[in-house]
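Sequence lines set the chain letters: A, B, ... in the order given, protein chains first and strands last, and positions in each chain run from 1.
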Amino acid sequence: MEEAVERQLAVIRLGTAEIVPEEELVKKIRRSIRENKPLVVKLGVDPSGSDLTLGHTVVLNKMRQLQELGHRIQLLIGDFTGMVGDPTGKSETRKQLTREEVLSNAKSYADQAFKVLDPEKTEILYNSQWLAPMSFEDVVKLTSTLTVARMLEREDFHKRFTGNLPISLHEFLYPLMQGYDSVAMKADIELGGTDQKFNLLMGRMLQKEFGQEQQVAIMMPILEGLDGVQKMSKSLGNYIGINEGPNEQYGKTMSIPDELMVKYFELVTDVPIEELAMIKSGLAEQTLHPRDAKMRLAREIVTRYHGIDAAKAAEEHFKTVFQQGAIPDDVPEVQLAEGTLWVVKLLTETGLCPSNGEARRMVQQGGVKINGEKIDDAETQIKLENGMILQVGKRKFAKVILQ
RNA sequence: GGAGGGAUACCAAAGUGGCCAAAUGGGGCGGACUGUAAAUCCGUUGGCUUCGCCUUCGAAGGUUCGAAUCCUUCUCCCUCCA
């Protein structure tokens, strides 16, 4: 019995940033085994749409592990909060979503999440189910459970408050709604990033308020993006998307800072602990070239989302294109009419540069090549040829197709 | 409800009548060096077929030969008091 508990704990602890409180988790697991009753695990999902990044998969990974341990995993789609318009993005108010948008976003989220989770064993819930019917009286009652000072403990609010930045009153309601979700779901465990700490604890607080057993908060570290400093996010553009092509995923992985490699291995791959230890020591003793370790990482990531063959192909592609400076074979094609075109115009027409000024600059800075020849005069006229390869910077290519 | 402070480019922050397409820093982009890493160095960072022209300093009007800078109204934010 205790052995089984320990085994579960070991899996859960792997890569986890914090478990609050761990003793309660032990108790819950023990009871779950004794009564053969799986724990309810909650993961809140923001239906603001678009594509998942590797950052999102950190938590999903942990969900899957819990799933494999036999617990009940519930994905909670925040459709209600989504329709109201979540203001958490400090700088700009998010646009409000229609019912249809929310549902289609939720579906696309689930499709993506199922690349990590087992769809057969995953339940999907919507918080509009219990939030929408609440009366104003209910809301007032809910808000009376905590004070402004308590709210301001949340880092985000605190920072804005002390920094004289605006906080809208309704923003205070979001942690409450999220916390109330836990009450409605009778969650045993809620998973989230460390940035969700406040909200996860809010769930505990409200459950207590409602006379329920409190959930355990399990927090995963935040995965830094390609820049190695800021949280991986779509809006910062420093992300690897799980829907991205093999070549993109591979290349982007290669560009993460070395220091992040191990963390990536731990949080977004299935590389076994023993092997991970070898990689770590290899890097420390310099018997393993960081580049090779990173290539392994890139391979692992691409394999997960595209399969082993695609991963190998992406690696080949990477080697030829970037290590040897060759031109990739999957260059996007651009249709153009036959004739002669001013370079600057050519670059903007093909979408390689956003404006003439930008294109001009690229040329002047020596970042433009046509068929491998550097163009250094912004006034150059180009005779278009079928199959002509345009290159801007290191990564942007286009192939000319004459109509 | 009262009093005061503020809004400048991607962000932060100078500029208070012409020398301002707007200092400086960060970020971004390009180049060199590399392992498409980091660090470093150089360049660049409104638009336009660009030694010139056009549109920008919260919004709209006005004063002036000339406004980011002065005046009026409006919008938004912040602080203190009640």
Using both distances under 3.5 Å as the test, list the Watson-Crick or G-U wobble partner of rA13(B), or none.
none

Verify salt bridge (Lys or Arg N to Asp or Glu O under 4.0 Å) between D292(A) and R296(A), making sure each step is shown before the conclusion.
CA-CA 6 Å; D292(A) 296 330; R296(A) 166 79 193 277; over 6 Å; no

Which of parallel (below 30°), tilted (30 to 60°) and perpendicular (above 60°) describes F322(A) and H317(A)?
perpendicular

Quick one: label K252(A) by what it contacts on the DNA or RNA (base, sugar-phosphate, nothing), any heavy atom closer than 4.0 Å.
nothing

Specify the separation, in whole Å, of atom NZ of K394(A) and atom C1' of rA37(B).
11 Å

With respect to the side chain of K294(A), which nucleotide from rA37(B), rG31(B), rC29(B) is positioned closest?
rA37(B)

Using the C1' atom as the reference point in each nucleotide, state the distance between rC19(B) and rC74(B) in Å, no decimals.
34 Å

For RNA chain B, whose closest nucleotide is more 5', that of G367(A) or that of N247(A)?
G367(A)

Among rG47(B), rG30(B), rG35(B), the one nearest M362(A) by side-chain distance:
rG30(B)

If you measure only the distance, is there a donor-acceptor pair under 3.5 Å linking the side chains of Q215(A) and E190(A)?
yes

With a 3.5 angstrom cut-off on both distances, give the Watson-Crick or G-U wobble partner of rC76(B), or none if there isn't one.
rG6(B)

Is the CE atom of M278(A) crowded by more than 12 outside heavy atoms at less than 6.0 Å?
no

Spacing of the P atoms in rA12(B) and rG30(B) (rounded, Å)
25 Å

Could you check how far NZ of K396(A) sits from P of rC29(B), rounded to whole Å?
9 Å

Separation of rU36(B) atom C1' from L297(A) atom CG, nearest Å, is 15 Å

Would you say Q323(A) places a side-chain N or O within less than 4.0 Å of OP1 or OP2 belonging to rU36(B)?
yes

Does H56(A) reach the side chain of M232(A), with side-chain heavy atoms less than 4.5 Å apart?
no

Let me know the distance between CZ of R361(A) and C1' of rG28(B), rounded to the nearest Å.
11 Å

Please state how far atom NZ in K319(A) lies from atom P in rU34(B), giving the value in whole angstrom units.
21 Å

When you compare rG4(B) with rC29(B), how far apart are their C1' atoms, in angstrom units rounded to a whole number?
43 Å

For atom P, what is the distance between rU55(B) and rG61(B), given to the nearest Å?
14 Å

Between G251(A) and W342(A), which has a closest nucleotide on RNA chain B that is more 5'?
G251(A)

Once hydrogens and angles are ignored, does a donor-acceptor distance under 3.5 Å link the base of rU50(B) to the side chain of R360(A)?
yes

Under a 3.5 Å cut-off for both contacts, is rU44(B) paired Watson-Crick or G-U wobble with anything, and if yes, with which nucleotide?
rG28(B)

Atom-pair distance (CZ on R296(A); P on rA37(B)), nearest Å
22 Å

Students often get this wrong, so: under 4.0 angstrom with heavy atoms, is G393(A) touching a base, only sugar-phosphate, or nothing?
sugar-phosphate

Tell me what I256(A) touches on the nucleic acid: a base, only sugar-phosphate, or nothing, going by heavy atoms under 4.0 Å.
sugar-phosphate

In whole angstroms, how far is the P atom of rC29(B) from the CG atom of L352(A)?
16 Å

Does a donor on one side chain sit under 3.5 Å from an acceptor on the other, for K115(A) and Q112(A)?
no

When you measure from the side chain of E244(A) to the backbone N and O of G241(A), does any donor-acceptor pair fall under 3.5 Å?
yes

For the base of rU36(B), is there a side-chain donor-acceptor partner from R395(A) under 3.5 Å away?
yes

Find the partner of rA22(B): check Watson-Crick (N1-N3 plus N6-O4 or O6-N4) and G-U wobble (N1-O2, O6-N3) distances, both under 3.5 Å, and reply none if neither fits.
none

When the P atoms of rU79(B) and rA32(B) are considered, how many whole Å apart are they?
50 Å

Do M220(A) and T194(A) come within less than 4.5 Å of each other through their side chains, counting heavy atoms only?
no

Distance between the P atoms of rC77(B) and rU8(B), in whole angstroms?
14 Å

State the pairing partner of rC70(B); accept Watson-Crick or G-U wobble contacts with both distances under 3.5 Å, and report none otherwise.
rG62(B)

Pairwise P distance, rG46(B) and rU24(B) [rounded to whole Å]:
13 Å

Could you please name the partner base of rG1(B), counting Watson-Crick and G-U wobble pairs only when both distances are under 3.5 Å?
rC81(B)

d(CZ, F318(A); P, rU36(B)) in whole Å
5 Å

NA contact type, G366(A), heavy-atom cut-off 4.0 Å: base, sugar-phosphate, or nothing?
sugar-phosphate

So, OP1 or OP2 of rG47(B): does either fall under 4.0 Å of a side-chain N or O from S355(A)?
yes

Measure from the side-chain heavy atoms of R291(A) and tell me the nearest of rU44(B), rG31(B), rG35(B).
rG35(B)

Proximal nucleotide (of rG47(B), rA37(B), rU36(B)) relative to the D258(A) side chain:
rA37(B)

Is there a donor and acceptor pair, one atom on the side chain of Q365(A) and one on the base of rG43(B), closer than 3.5 Å?
yes

Using the P atom in both, what is the distance from rU64(B) to rC53(B), to the nearest Å?
26 Å

